[in-house]
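Start at 1 with the first residue, then count along the sequence. Computed from a prediction, not measured in an experiment: that's the story for all the values here.
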Amino acid sequence: MASGPPKHEMVYLPELTSKMRSFGEFRKVIHTGLYSQLVAMEVPVGGDIGDEVHMVDQILIFTSGQGRATVAGKDQDIKASDVVIVPAGTQHQFVNTGDKPLELITVYAPAEHDPRTVHKTKEEGDEEEENGQDEAPEWSRRSMKENEGDGLVKIEGGPYKE
């Protein structure tokens, strides 16, 4: 997977949110754009995402299983087809309360993780984050004005040098 800014082309992910899922990893980055990031997660039975605060917005789309969301101190039972939005700077935790993995697709805006991130377990992810090995790329945190100035985005849609 490339670690530079994305190319100007369609990214098509057929049946990403189908009911018969098995991501097989705690966290896997699927796509990192200039202003957002798509990540698949699988929380094991009895597991959790971790009590955390991000400095980016996060949208979680649950595709399988059931759990409990705690966002800004408020609890909410969650299940497949539910969506939870966590604004930047808001404490949150998601716990699997069911008898099968809690699976979800999450969108960070802007990116939260290295585009090459694959964590088999929460512990592996926590260790990489603590060691600074799972950081969003610099280009994903730049302003729209900076990206326009560097020719990475154009209101006319191109042409681009890729």
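Residue Thr90 holds its OG1 atom at 11.5 Å from CD1 of Ile85, rounded to the nearest 0.5 Å. Taking CZ of Arg141 as the start and CE of Met55 as the end, the distance is 9.5 Å to the nearest 0.5 Å. For the atom pair Glu135 CD and Ser140 OG, the distance stands at 10.0 Å (nearest 0.5 Å). A distance of 11.5 Å separates CG of Asp82 from OG1 of Thr63, quoted to the nearest 0.5 Å. Annotation: the span from Asp114 atom CG to Gln37 atom CD amounts to 8.5 Å, rounded to 0.5 Å. Rounded to the nearest 0.5 angstrom, Thr121 OG1 and Glu127 CD are separated by 9.0 Å.
A heavy-atom distance below 4.5 Å is found between the side chains of Asp150 and Arg142. Put simply, the side chain of Lys28 does not reach to within 4.5 Å of the side chain of Glu42, judged on heavy atoms. A heavy-atom distance below 4.5 Å is not found between the side chains of Pro110 and Trp139.
Using a distance-only test at 3.5 Å, with no hydrogens or angles considered, no donor-acceptor pair links the side chain of Arg116 to the main chain of Val29. Looking only at distances, no side-chain donor or acceptor of Asn96 sits under 3.5 Å from a matching main-chain atom of Gly67. Without hydrogens or angle criteria, His119 side chain to Thr117 main chain gives no donor-acceptor distance under 3.5 Å. Under the 3.5 Å distance criterion, the side-chain polar atoms of Thr106 are left unmatched by any main-chain donor or acceptor of Val39. Here the side chain of Gln76 pairs no donor or acceptor atom with the backbone of Ala69 at under 3.5 angstrom. Within the 3.5 Å criterion, the main-chain N or O of Gly50 finds a donor-acceptor partner in the side chain of Gln93. Remark: the backbone N or O of Pro87 is not paired with any side-chain donor or acceptor of Asp57 at under 3.5 angstrom.
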- prompt: Could you go step by step and tell me if Val83 and Ile59 meet the side chain to side chain contact (heavy atoms under 4.5 Å, CB included) rule?
  reply: CA-CA 7 Å; Val83 175; Ile59 301 167; 3.8 Å; yes

Let's go through Leu60 and Ile78 carefully: what are the C-alpha distance in whole Å and the side-chain angles of both, what is the deciding distance for side chain to side chain contact (heavy atoms under 4.5 Å, CB included) to 0.1 Å, and is it a yes or a no? CA-CA 11 Å; Leu60 301 97; Ile78 52 171; over 6 Å; no

Inset, instruction - Start with the C-alpha gap between His54 and Tyr108, add the side-chain angles, then the distance that decides, and say whether side chain to side chain contact (heavy atoms under 4.5 Å, CB included) holds. - result: CA-CA 9 Å; His54 298 301; Tyr108 296 99; 3.8 Å; yes

- Message: The test is side chain to side chain contact (heavy atoms under 4.5 Å, CB included); show your working for His31 and Leu13 and say whether it passes.
- Response: CA-CA 10 Å; His31 176 76; Leu13 306 165; 5.5 Å; no

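In this structure, Ala111 and Ala136 approach most closely via the heavy-atom pair O-CB, 3.5 Å. Taking all atoms of both residues into account, the shortest heavy-atom contact from Ser36 to Val107 is CB-CG1, 4.3 Å.
Val95 and Leu104 fall into different hydrophobic clusters, where Ile, Leu, Val, Met, Phe, Trp and Tyr are joined by side-chain heavy atoms under 4.5 Å apart, directly or via other members. Linking ILVMFWY residues whenever their side-chain heavy atoms come closer than 4.5 Å, directly or via other members, places Met144 and Val153 in the same cluster. Side-chain heavy atoms closer than 4.5 Å link hydrophobic residues (I, L, V, M, F, W, Y) into clusters, and following such links, even through other members, never connects Val118 to Val43.
Between Phe94 and Phe62, the angle of the ring planes lies from 30° to 60°, which puts this pair in the tilted group. By the 30° and 60° cut-offs, the orientation of the rings of Tyr160 relative to His8 is parallel.
For the residue pair Asp51/Gln91, the side-chain donor-acceptor check at 3.5 Å is satisfied.
Salt-bridge check for Glu25 with Lys122: failed, with every basic side-chain N at 4.0 Å or more from each acidic carboxylate O. Residues Arg27 and Glu112 are not paired through a salt bridge, judged by the lack of any N-O separation under 4.0 Å between the basic side chain and the carboxylate.
In this structure, Glu52 places its CD atom where more than 12 heavy-atom neighbours from other residues, nucleotides or ligands lie under 6.0 Å away. Atom CG of Asp99 is surrounded by 12 or fewer heavy atoms from other residues, nucleotides or ligands within 6.0 Å.
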